[in-house]
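Just below is one structure, and these are the notes that go with it.
In what follows, chains are A, B, ... by sequence order, proteins preceding strands, each numbered from 1.
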Amino acid sequence: MKQEVETRIARALRSVARARGVTAALPTPTIERPKKPEHGDFATNVALASSKAFGAKPQEIAAALRGALEGDPTFARVDVAGPGFLNVKLAPRAFHTALSTVLADGRAFGRARAAIGERINLEFVSANPTGPLHVGHGRSAVVGDVVGRLLDAVGHRVIREYYVNDAGNQVRLLAESVIAKATGAPDPEGGYGANAYVVDLAVWAMDRYRPLVEGRKIDELSRRLVAVMLAGYAPGTGIQATLRALGIFHDVWSSEAAVHLDGRVERALETLKKDGWLEEKEGALFFLSTKLGDDKDRVVFKSDGGHTYFASDIAYHKDKLDRGFDRLIDVWGADHHGYIHRLQSAITALGMPKERFEVILVQMVSILKNGEPYRMGKRLGNFITIDEILEEIDEATGRPGSGRDAIRYYFAARRTDAHIDIDVEIAKKQSLDNPVYYLQYGHARLCSILRLAQDECGLSLADLPTDVDGLGALQHPDELAIVQLLGEWPEVLADAAKGREPHKIVGYLGNLAQVFQSYYTRLKRENDTILPRKNERADGSWRNDPATVAKVSARLSWVRAIRDVYAAGLDILGISAPERMERFAVEAEEEG
RNA sequence: GCCCCCGUAGCUCAGUGGAUAGAGCAGCGGUUUCCUAAACCGUUGGUCGCAGGUCCGAUUCCUGCCGGGGGCGCCA
């Protein structure tokens, strides 16, 4: 729709320029939807932008363009406004054409027709297997997952990966903390003993692996603990179960220990050394990242002989590149931002174009509790887990899955680079007036209309019109405005994918829901309905008037198009799209 | 000290080199014989942190400052 307007305006601009003998370069028209409806369906500032090239006043150019566009049947009217804006109003048929396109593609509208894009490795969550996932991980998880769905939608092939840090001091510390707890010894320095789950782990370890605990077999016990943190010691527990509860799945689980075991670290460092990127200083081996603009060189081999986390991370990312991906995307917490430059430098040094490596930084989630801010961090003991919040919300609503929908909505709704504050108490209570229900309700209402059309009007969805003439009865200005909004969906999807911005999908859907609900109520006020009235449905009398049949059919096609785009949007967000929603019993309580 | 993010309505946050800066929640006033009122309509509420600069035009881009958060390990 916008495309068509754009080509027509560009053509008009060229012809006006030719007529006036203008030879200077012409600007590409930018077409936008005006905020004010009285400014038409589309507006362009191209006359203002062309002022220099034409050596004429914007308003004069606009008037000339208006003349060039006037004969075109696509436009109902063209106005010059303000300092030289060109406001165009489209003929209804242009909307019917656009709707027809949406209907042809249905839920796939806006999606790439084939996976012709890049092969992308998307690494996200990758939380240390030393504790349950907390809300900060949850944000990364949701952002990563939705970005994955966005990339899929525009035709990339995405592999989702979780890197398990099962080799470092942290898992060792966890094992020591568990042993300490089990044997009544004091928690090691920087240990996890303050966390409640360590008690459970200690009980579990004593039960299943008593010899490892008593014999202080740290390495062996660490492996068992990592496994149990990931897979849980009972169904429904563990990091993987938490992710599943959020509707998040990874294709590949990579182990840091495995990177160490088969010599990949040494090989990666060998490659760097050969190319002169490593230098020994003060007994340690440094990667010369300052050559690539980093603040300082970074240690890869410590003076005690061990290698750093950075070293294994280089090897791990080299491995990902070796697996043939066109692009690596890592989703990290914002507290890792200082790490980007050095890893990017390492990737450059390994001979890979640094553009192939991309980091999405997800800003902090600050947790408030009853208005009191407190930091979260594994070592502080008191943090909110995803499991807790999911359970609270599911319980409050009595609808399993509502916690997942709410959390996904909440974390996807905001720009990833902005901090967000969550008051835990509010997040838990918000279950009933969370905006996610507004979205789901909108979808359910659309489904409900289509259901009644089938059950009570004897209309088969397959028989509804999808052609321009069949949709001709669609004339209400609100209906046409919503068609225009539907027409924007592919662009919104593409933008959100390109910028890795889930929140744009939330914004679009919220807008779509709002304009439809508004229309729906307005129609009532105008004493009109989409479906025939109840008595007419019952006796079938609405079928006697061909104009009514045409209008009802066209509107139902339109409803189906909205529902399809709506469902596609919810699917990108991973939020369920219920076909009907029951009322909650809670309402009665509120009245009392 | 250096680097990154943020600063927009009472609160939580969108948004844009262009016309009178938006939404949700909160507040106030309305709407229900009707396809789902979990809704809708109206209304109150703004020095777009401050100051310069670029521009025909800046809330948007640039610089400086102020405020909040995060990062600056031979930790992971």
Side-chain angles (χ1 to χ4, degrees), chain A residues 30 32 34-36 38-39 43 45 48-49 51-52 58 81-85 87 128 130 165 167-173 190 256 281-286 295-296 298-310 312-313 333-341 361 363-364 366 373 410 413-423 426 430 432-435 437-438 440-442 444-453 456-457 503-504 506-507 510-511 513-514 517-525 527-534 537 555-556 559 580-584 586-587:
Chain A
T30 55
E32 56 183 20
K35 292 167 206 157
K36 302 275 168 186
E38 59 267 32
H39 290 150
N45 65 349
L48 285 87
S51 180
K52 254 178 203 157
F85 290 99
N87 296 334
N128 282 344
T130 50
N165 296 130
N169 285 342
Q170 301 305 320
V171 289
R172 162 172 289 270
L173 261 176
E256 185 192 355
K281 291 186 281 195
E282 300 149 22
L285 196 60
F286 284 75
D295 297 336
K296 53 184 92 167
R298 308 293 175 172
V299 173
V300 287
F301 260 102
K302 299 183 278 189
S303 51
D304 69 7
H307 60 246
T308 61
Y309 180 80
F310 180 43
S312 55
D313 225 13
D335 53 339
H336 288 73
H337 99 264
Y339 198 73
I340 297 175
H341 199 130
L361 275 192
Q363 277 292 343
M364 299 286 101
S366 303
Y410 205 79
R414 287 165 176 73
R415 296 172 55 90
T416 56
D417 57 6
H419 299 118
I420 57 178
D421 293 333
I422 299 178
D423 192 305
I426 293 172
Q430 224 179 13
L432 283 176
D433 48 10
N434 193 302
Y437 294 101
Y438 184 76
Q440 293 180 314
Y441 176 69
R445 175 175 266 171
L446 292 161
C447 290
S448 173
I449 292 169
L450 294 172
R451 192 164 51 238
L452 279 175
E456 297 186 10
C457 302
H503 77 277
K504 289 195 168 165
V506 177
N511 191 222
Q514 196 267 321
Q517 302 279 40
S518 178
Y519 156 85
Y520 188 82
T521 312
R522 182 179 306 184
L523 206 63
K524 283 181 193 173
R525 202 157 296 154
N527 203 22
D528 192 2
T529 53
I530 295 171
L531 291 171
R533 304 214 177 252
K534 205 164 206 168
R537 293 207 298 269
R555 278 179 169 171
L556 286 170
V559 167
R580 60 175 84 216
M581 288 181 86
E582 308 300 332
R583 287 181 172 297
F584 287 113
V586 178
E587 271 186 19

Checklist line | 5′-ward residue of the pair A:Ala167/A:Ala49 relative to RNA chain B | finding: A:Ala49
Next item on the list: Tell me what A:Leu48 touches on the nucleic acid: a base, only sugar-phosphate, or nothing, going by heavy atoms under 4.0 Å.
Entry: base
Could you write out each protein N or O paired with an N or O of nucleotides 41-46 of chain B at a distance under 3.5 Å?
{"unit_1": "B:rC41", "atom_1": "OP1", "unit_2": "A:Ser518", "atom_2": "OG", "d": "2.8"}

Next item on the list: Scan A:Ile530 against the nucleic acid and name what it touches under 4.0 Å (heavy atoms): base, sugar-phosphate only, or nothing.
Entry: base
Item checked: Rounded distance in Å between the C1' positions of B:rC48 and B:rG7 -> 10 Å
Next item on the list: Examine the side chains of A:Gln517 and A:Arg445 and answer whether a donor and an acceptor come within less than 3.5 Å of each other.
Entry: yes
Notebook entry, point to check: Looking for any heavy atom pair under 4.0 Å, which part of the strands does A:Gly168 touch: base, sugar-phosphate only, or nothing?
Noted result: sugar-phosphate
Check: Is a side-chain donor-acceptor pair under 3.5 Å present for A:Ser312 with A:Glu256?
Finding: yes
Notebook entry, point to check: Does A:Ser448 get its side chain close enough to the base of B:rC35, under 3.5 Å, for a donor-acceptor pair?
Noted result: no
Item checked: B:rC74 phosphate, OP1 or OP2, under 4.0 Å from A:Lys281 side-chain N/O -> no
Margin query: Using atom P in both nucleotides, what's the gap between B:rA9 and B:rC72 to the nearest angstrom?
Written below: 32 Å
Item checked: Phosphate OP1/OP2 of B:rA37: any A:Arg445 side-chain N/O under 4.0 Å -> yes
Notebook entry, point to check: Do the side chain of A:Asn87 and the base of B:rA19 come within less than 3.5 angstrom through a donor-acceptor pair of N or O atoms?
Noted result: yes
Check: Under 4.0 Å between a side-chain N/O of A:Lys302 and OP1 or OP2 of B:rC75, yes or no?
Finding: yes
Check: What nucleic acid atoms does A:Tyr339 come within less than 4.0 Å of, heavy atoms only: base, sugar-phosphate, or nothing?
Finding: base
Notebook entry, point to check: Are A:Leu523 and A:Arg555 close enough, and set up right, to give a side-chain contact (heavy atoms from CB on, under 4.5 Å), and what steps lead you there?
Noted result: CA-CA 12 Å; A:Leu523 206 63; A:Arg555 278 179 169 171; 3.9 Å; yes
Item checked: Identity of whatever pairs with B:rC2 - Watson-Crick or G-U, under 3.5 angstrom -> B:rG71
Notebook entry, point to check: How are the rings of A:Phe310 and A:Tyr339 set relative to one another: parallel (under 30°), tilted (30 to 60°) or perpendicular (over 60°)?
Noted result: perpendicular
Next item on the list: Could you please name the partner base of B:rG46, counting Watson-Crick and G-U wobble pairs only when both distances are under 3.5 Å?
Entry: none
Next item on the list: Output yes when a side-chain donor or acceptor of A:Asp304 lies under 3.5 Å from a complementary backbone atom of A:Gly306, and no otherwise.
Entry: yes
Margin query: Between A:Arg580 and A:Ala444 (side chain of the first, backbone of the second, donor and acceptor by atom type, cut-off under 3.5 Å), is there such a pair?
Written below: no
Check: Reckon A:Ala453 touches a base, only the sugar-phosphate, or nothing at all at heavy-atom distances under 4.0 Å?
Finding: nothing
Next item on the list: For A:Glu282, answer base if it contacts any base atom (sugar-phosphate contacts may also be present), sugar-phosphate if it contacts only those atoms, and nothing otherwise; contact means non-hydrogen atoms under 4.0 Å.
Entry: base
Every protein N/O within reach of nucleotides 3-5 of chain B N/O, cut-off under 3.5 Å:
{"unit_1": "B:rC3", "atom_1": "O2", "unit_2": "A:His337", "atom_2": "NE2", "d": "3.4"}
{"unit_1": "B:rC4", "atom_1": "O4'", "unit_2": "A:His337", "atom_2": "NE2", "d": "3.4"}
{"unit_1": "B:rC5", "atom_1": "O2'", "unit_2": "A:Asp417", "atom_2": "O", "d": "2.2"}

Notebook entry, point to check: OP1 or OP2 of B:rG15 sitting under 4.0 Å from any side-chain N/O of A:His503?
Noted result: yes
